[in-house]
Participant: 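Before I ask anything, here is the structure I am working with.
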Amino acid sequence: MPTPSRRALLTGAAGLAAASVLAPSPASAAPARVALTREEHRVVVIGSGFGGGVAALRLARAGVPVTVLERGRRWPTGPNAETFPHVSGLDKRMLWYGTVPEAVRPLARLIGTPLNFTPYTGLLEPVLGDNILSVCAAGVGGGSLVYQGMTLQPSESVFNTWLPEQLDYRRMDKIHYPRVANMLKAATAPDELIGSPTYYAARVFAERARSSGYGVEKIPMPIDWDYALAELRGEMKPSYTNGDCALGVNNGGKHSVDVTYLQQAEATGKVTVATHHNVTSVARAADGRWHVHVDRTDDSGTVLEQKILSTRALIMAAGSINTSKLLVRAGATGAIPDLPDGLGEGWGTNGDRIYAWTNLREDFGSEQGGPVVFGSKAWDDPATANTVIQASLPPLGLDARTTMLVGFGVSADRGRFDYDAATDSVSLHWPKDGDADSYRNIHRRVTRMSKGLGVLTDTNSLVNSTWHPLGGAPMGTVCDLEGRVEGQRGLYVLDGALIPGTTGACNPSMTIAAVAERAMDAITAKDIDTVI
């Protein structure tokens, strides 16, 4: 039986396995003499993704001035823009100061490129841990810049099985989930688009899932689909309709955090988004205020200025990996005394699984419309819940018979972050057979959907990776349900680090944002004037 090319086998979700074999190199060291600036702020938010965007907007509308620190840059888009890199021609914009480490250089050669880019404030930071590689985003808007955009809400039974019931799913279902969906203008793809030639792979997936006995439905996406329809009419060059949106949508029309939550927050006049501000450490001062140490850099990572920002309230929203690293290091070094004992624990992968599916009887097309149209949910049993979607490949010159299948599952397996005093660094540890039960449940369904003449390649068996890291400072052990860190007045966690390892067989964005919305309702009602 013929097999897909080595390049196809090593191409991960939407052609991005290139990032999955990388580990970050440190940013450029600070010059010997740079200015040190001290600043006072009412509220500092570290990170500009879903948690940071929600926090900034809700505080601003409550009349509170907010400074949002973002280590990356802005990525403005528009019809026919060239803001984001193309997967077919990767360049320095892809990676956060990244080069290929020696341990994985052979895999990079198999992909066909050394990926040795000059340092740049790029989009993706791959973080290599024990038995796992996590991919984190950088840039104004955080992960919303590069996520495929599935705006999925878990069912009540799955939610209450894997997240604290005290969050009150029914209230969130009535108020907070709809608020997020409205902000992101979530909508499903129109039939006119789905019926077009480049969306053939999506139609095949839906037919295969149904013929296997599984339900299929359209997935809500934060997309103005009129942009994709305009591409069909030739009014702008392809971005959606050829799947070339895995590293950002150049044409616009994607309702990412930068053009929704943050744009509205900045419009209040109360919010300042400071780009190229890389937070190196956090600490609690003797007077109880929070000190945030920052390197202000240029696009190459050269440190132009060092800052110490003091604030009454500090909101950690740098993502599960980087929020956890900052807090674990602060606790271990004594920079923040008396942090909760569970800090650094409760970390999970959201049960991510990514497959390359080569079907020798189908021509999916060298151009496959994206980013995602259909999904198949298996949520009847909350203990084994999982979702499978089809994600189109961007133009890579690969076998036209290959497309991607992606699964999200529930799992009780958890990893942890540890501090190493010898290297003054924090590392992530994941059990070797983590998510084994979740993997079997997803694999059984994916295998059934893809049966026939062809090859199904589990890219996680090549490089075990997740694009959806969760936990590290989870609610229930480290934080309360509103993200307040136990015993640390004025310190909050409002990103994926707050979520205990899974968002219930869904990609995490919708639940992270809804939990943050719920938290900010309480924080703006109770903490302003007393804590903030």
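Keep in mind that what you see is a predicted model, and the values were worked out from it rather than measured.
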Participant: Just by distance, no angles: are the side chains of T241 and Y199 close enough, under 3.5 Å, to form a donor-acceptor pair?
Facilitator: no

Participant: Is the side chain of D480 donor-acceptor paired with the backbone N or O of R484 at a distance under 3.5 Å, no angle test?
Facilitator: yes

Participant: Give a yes or no on whether a salt bridge exists between E266 and R74, defined as a side-chain N under 4.0 angstrom from a carboxylate O.
Facilitator: yes

Participant: Do other residues, nucleotides or ligands put more than 12 heavy atoms under 6.0 Å from D381 CG?
Facilitator: yes

Participant: Of all heavy-atom pairs between P85 and W75, which one has the smallest distance, and what is that distance?
Facilitator: CD-CZ3, 4.5 Å

Participant: A side-chain contact here means heavy atoms from C-beta on lying under 4.5 Å apart; do N242 and T198 qualify?
Facilitator: no

Participant: Can you tell me if W162 uses its side chain to pair, donor with acceptor, with the backbone of P382 under 3.5 Å?
Facilitator: yes

Participant: Starting at OG1 of T503, measure out to CG of N350 and round the result to the nearest 0.5 Å.
Facilitator: 4.0 Å

Participant: If we ignore angles and hydrogens, is there a donor and acceptor under 3.5 Å between the side chains of H86 and D244?
Facilitator: yes

Participant: Going by atom types alone, do D352 and S465 pair a side-chain donor with an acceptor below 3.5 Å?
Facilitator: no

Participant: If we ignore angles and hydrogens, is there a donor and acceptor under 3.5 Å between the side chains of Q368 and T403?
Facilitator: yes

Participant: On the six-membered ring of W96, is R71 placed so that its NZ or CZ lies under 6.0 angstrom from the centre and within 45° of the ring axis?
Facilitator: yes

Participant: Between F364 and W357, is the ring centroid distance below 6.0 Å?
Facilitator: yes

Participant: Determine the interplanar angle of the F417 and W347 rings, folded into 0 to 90°, and report it as parallel if under 30°, tilted if 30 to 60°, perpendicular if over 60°.
Facilitator: perpendicular

Participant: Look only at the side chain of T268 and the backbone of R61, and say whether a donor-acceptor pair between them is shorter than 3.5 Å.
Facilitator: no

Participant: Answer yes or no: is there an ion pair linking K218 with D191, defined by an N-O contact shorter than 4.0 Å?
Facilitator: yes

Participant: If you look at every heavy atom in V45 and G52, which pair is closest and at what distance?
Facilitator: CG1-CA, 3.7 Å

Participant: What heavy-atom pair brings M475 and I499 nearest, and what distance separates the two atoms?
Facilitator: CE-CD1, 4.3 Å

Participant: Given the side-chain rings of Y169 and F159, with only the six-membered ring counted for Trp, is the space between their centroids under 6.0 Å?
Facilitator: yes

Participant: Treating D458 as the side-chain partner and L456 as the backbone partner, does any N or O pair qualify as donor plus acceptor under 3.5 Å?
Facilitator: no

Participant: Charged N to carboxylate O below 4.0 Å: is that the case for D173 and R170?
Facilitator: no

Participant: May I ask you to check whether over 12 heavy atoms, not counting those of E192, lie within 6.0 Å of atom CD?
Facilitator: no

Participant: Any luck finding a side-chain donor-acceptor pair between D495 and T323 under 3.5 Å?
Facilitator: yes

Participant: Taking all atoms of both residues into account, what is the closest heavy-atom pair of V372 and M150, and its distance?
Facilitator: CG2-SD, 3.5 Å

Participant: Donor-acceptor pair, distance only, cut-off 3.5 Å: does the side chain of Q264 make one with the backbone of L57?
Facilitator: no

Participant: Tell me the closest heavy-atom pair linking A513 and V54, and the distance in Å.
Facilitator: O-CG2, 4.1 Å

Participant: Between OH of Y261 and CD of E517, what distance do you get to the nearest 0.5 Å?
Facilitator: 3.5 Å

Participant: Any side-chain to backbone donor/acceptor pair from R42 onto I532? Under 3.5 Å, distance only.
Facilitator: yes

Participant: Between W379 and T387, do the side chains contain a donor N or O and an acceptor N or O under 3.5 Å apart?
Facilitator: yes

Participant: How about CG on N131, more than 12 heavy atoms from neighbouring residues, nucleotides or ligands closer than 6.0 Å, or not?
Facilitator: yes

Participant: Is there a donor-acceptor pair under 3.5 Å between the side chain of S324 and the backbone N or O of I321?
Facilitator: no

Participant: Do E125 and N322 get their side chains close enough for a donor-acceptor pair, meaning under 3.5 Å?
Facilitator: yes

Participant: Quick check against the 3.5 Å criterion: does S144 have a side-chain atom that pairs as donor or acceptor with the backbone of V257?
Facilitator: yes

Participant: With a 3.5 Å cut-off and no angle check, do the side chains of D527 and Y492 form a donor-acceptor pair?
Facilitator: yes

Participant: Got a donor-acceptor contact below 3.5 angstrom from the S411 side chain to the G351 backbone?
Facilitator: no

Participant: Any Lys/Arg nitrogen of K377 or E217 sitting under 4.0 Å from an Asp/Glu carboxylate oxygen of the other?
Facilitator: yes

